[in-house]
Protein chains: 2
Amino acid sequence: MCTIPADTAQIIETSLITALEDRGLRKTTARAAVTQRIELAGDAFTAEQLCRELPEVGRATVYRTIRHLVDAGALCKLPILDGAPMYSVARVEHHHHTICSRCGAVGEFRHSTVERVMRSLEKEIDGDIVGHRMEIFITCNQCLAAIAEGESHD
Amino acid sequence: MCTIPADTAQIIETSLITALEDRGLRKTTARAAVTQRIELAGDAFTAEQLCRELPEVGRATVYRTIRHLVDAGALCKLPILDGAPMYSVARVEHHHHTICSRCGAVGEFRHSTVERVMRSLEKEIDGDIVGHRMEIFITCNQCLAAIAEGESHD
DNA sequence: CTTTTAATTGATATTGAGTATCAATAAGGA
DNA sequence: TCCTTATTGATACTCAATATCAATTAAAAG
């Protein structure tokens with residue numbers, strides 16, 4: 001039984017739910033709630049966060065929907081060094097991520113040089129390159145400001 | 001009570017156990033067994049693999065020793081996309097990893113261009129860069145050979 | 001609109017990785 | 001050798017994620 005209240009249940013035509021439909025999956029109330037929430041939040045999130053924010057959707061369904069979105073290439077799975085992986089909406093075809101090591105905010109960037117590095121590495125590497133992953137750890141501007149603010153109060 | 005048999009218990013002066021001693025940690029039979037095993041194996045490994053291979057050492061101790069080695073910078077923790085992280089001995093100061101997506105073999109490489117890319121990214125990125133991580137997914141030469149072998153048998 | 005069929009859901013149980021606890025034990029300096 | 005403190009490891013626990021499976025729902029067919 002799906003117990004999603006009417007206001008949450010409203011199905012909005014979005015790219016995430018479309019990504020699921022394109023894979024032959026049904027457009028259900030639960031999936032609409034999950035994809036909508038991801039899109040409205042904007043930020044990166046963990047599976048458990050989503051579960052907490054959507055108590056009306058079962059955990060199993062939240063996890064399944066996330067997996068489908070990752071399989072569809074609509075979400076990126078970011079393995080964090082400690083703890084559960086984070087997910088962020090893939091807005092551009094191929095990109096990398098910045099992660100603020102103070103607040104956890106995730107950003108996206110593209111850089112043509114990275115692709116060029118890959119090609120030049122192909123000679124050095126003992127096999128065929130099939131993919132790569134790169135994360136840059138930063139202290140974001142907001143956190144830098146917060147730190148400066150905190151110091152000025154001493 | 002430590003129940004490590006005599007042959008496993010032999011304490012060998014190695015860089016890993018030294019890394020622990022340098023941090024003021026005691027040279028114990030259990031830690032010697034763990035570090036020795038890591039060095040003899042050579043390959044990357046998961047914590048659970050180590051536990052299975054060293055049933056005479058308690059799980060808690062295996063996990064604690066790994067954590068100490070990572071803290072000391074003697075081991076690299078590699079977050080794998082699915083499942084438990086892998087660990088590999090850090091042989092050079094700063095480097096990146098290749099991971100064979102077929103057999104899981106982990107290699108190490110350095111590339112000066114990666115550092116140059118970091119510097120050039122500093123302008124584009126919204127904050128201070130404090131670190132980065134990069135993994136290249138490959139099909140290693142052994143796997144390429146195995147695939148070719150398999151195909152020739154059709 | 002109703003029927004039909006297969007996909008989907010979600011409460012629950014289960015797995016698996018990793019950590020906390022704490023009494024017993026071992027390391028290593030005095 | 002003794003003494004103090006770090007270390008160990010059996011156990012219980014937490015947390016993330018998955019498997020199970022009867023009840024429910026989507027949507028295609030009639």
Side-chain angles (χ1 to χ4, degrees), chain A residues 1-6 8-11 13 17-18 20-35 37 45-72 75 77-87, chain B residues 1-6 8-11 13 17-18 20-35 37 45-72 75 77-87:
Chain A
M1 174 188 44
C2 188
T3 52
I4 299 176
T8 321
Q10 189 192 354
I11 293 179
E13 203 66 49
I17 193 90
T18 305
L20 295 181
E21 290 188 86
D22 290 350
R23 307 204 82 201
L25 299 170
R26 289 184 181 171
K27 185 196 283 188
T28 67
T29 324
R31 285 177 182 154
V34 172
T35 54
R37 184 85 206 181
F45 59 92
T46 65
E48 287 303 311
Q49 271 169 29
L50 253 197
C51 289
R52 253 175 279 130
E53 289 171 12
L54 294 169
E56 66 270 21
V57 179
R59 330 169 47 67
T61 302
V62 169
Y63 275 93
R64 273 187 295 238
T65 306
I66 289 175
R67 189 147 23 97
H68 281 133
L69 289 168
V70 171
D71 290 348
L75 276 189
K77 183 173 183 176
L78 307 176
I80 301 303
L81 259 199
D82 290 292
M86 302 201 75
Y87 298 89
Chain B
M1 173 189 46
C2 187
T3 54
I4 300 175
T8 321
Q10 192 193 350
I11 294 178
E13 204 63 51
I17 192 91
T18 304
L20 296 181
E21 289 189 86
D22 289 350
R23 308 204 82 201
L25 299 170
R26 289 184 181 171
K27 184 197 285 186
T28 67
T29 323
R31 285 177 182 153
V34 172
T35 54
R37 184 85 206 180
F45 58 92
T46 65
E48 286 304 312
Q49 271 169 29
L50 254 198
C51 289
R52 254 176 278 128
E53 289 172 12
L54 294 169
E56 64 273 19
V57 180
R59 330 168 45 67
T61 300
V62 169
Y63 275 93
R64 274 187 294 238
T65 305
I66 289 175
R67 190 147 21 99
H68 282 133
L69 289 167
V70 172
D71 290 347
L75 277 189
K77 184 173 182 176
L78 307 177
I80 301 304
L81 260 198
D82 290 293
M86 301 201 78
Y87 299 89

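The chains referred to below are lettered A, B, ... by the order of the sequence lines, with proteins before strands, and numbering in each begins at 1. Keep in mind that this is a model prediction, so the values were computed, not measured.
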[X] [atom1] to [N] [atom2]: how many Å, rounded?
X	N	atom1	atom2	result
Phe45(A)	dA17(D)	CZ	P	12 Å
Leu20(A)	dA27(D)	CG	C1'	17 Å
Arg52(B)	dG16(C)	CZ	P	10 Å
Gln49(B)	dG16(C)	CD	P	15 Å
Lys27(B)	dT8(D)	NZ	P	14 Å
Arg26(A)	dT8(C)	CZ	P	6 Å
Glu56(B)	dA26(C)	CD	C1'	17 Å
Glu48(B)	dT19(C)	CD	C1'	12 Å

Nearest to the side chain of Arg59(B), which nucleotide is it out of dT9(C), dG28(C), dG18(C)? dG18(C)
Give Pro85(B) one of three labels, base, sugar-phosphate or nothing, depending on what nucleic acid heavy atoms sit under 4.0 Å from its own. sugar-phosphate
Ignoring backbone atoms, test whether [X] places a side-chain nitrogen or oxygen under 4.0 Å from the OP1 or OP2 oxygen of [N].
X	N	result
Arg31(A)	dT9(C)	yes
Thr61(A)	dG10(C)	yes
Thr29(B)	dA27(C)	yes
Thr28(A)	dT9(C)	yes
Tyr63(B)	dT19(C)	no

With a 4.0 Å cut-off on N to O distance, would you call Glu48(A) and Arg59(A) a salt bridge? yes
How long is the straight-line distance from CD of Glu21(A) back to CZ of Arg26(A), given to the nearest 0.5 Å? 12.0 Å
Test for a donor-acceptor pair under 3.5 Å between the base of dG9(D) and the side chain of Arg64(B), counting only N and O atoms. yes
Is Arg37(B) reaching over with its side chain to a backbone N or O of Leu54(B), donor-acceptor style, under 3.5 angstrom? no
Bend angle of the helix from dC1(C)-dG30(D) to dA30(C)-dT1(D) from five-pair axes at both ends, rounded to 10°? 30°
List the steps and the verdict of side-chain contact (heavy atoms from CB on, under 4.5 Å) for Thr65(A) and Leu20(A). CA-CA 9 Å; Thr65(A) 306; Leu20(A) 295 181; 4.1 Å; yes
Pick the closest DNA chain C nucleotide for Leu25(B) and for Gly24(A) by heavy atoms, then say which residue is nearer the 5' end. Gly24(A)
Apply the test side-chain contact (heavy atoms from CB on, under 4.5 Å) to residues Tyr63(B) and Val34(B): give CA-CA distance (whole Å), side-chain angles for both, the deciding distance (0.1 Å), then the verdict. CA-CA 10 Å; Tyr63(B) 275 93; Val34(B) 172; over 6 Å; no
Arg31(B) vs His68(B) side-chain heavy atoms within contact, under 4.5 Å: yes
Between Tyr87(B) and Ile66(B), does a side-chain contact (heavy atoms from CB on, under 4.5 Å) hold up when you go through it step by step? CA-CA 8 Å; Tyr87(B) 299 89; Ile66(B) 289 175; 3.4 Å; yes
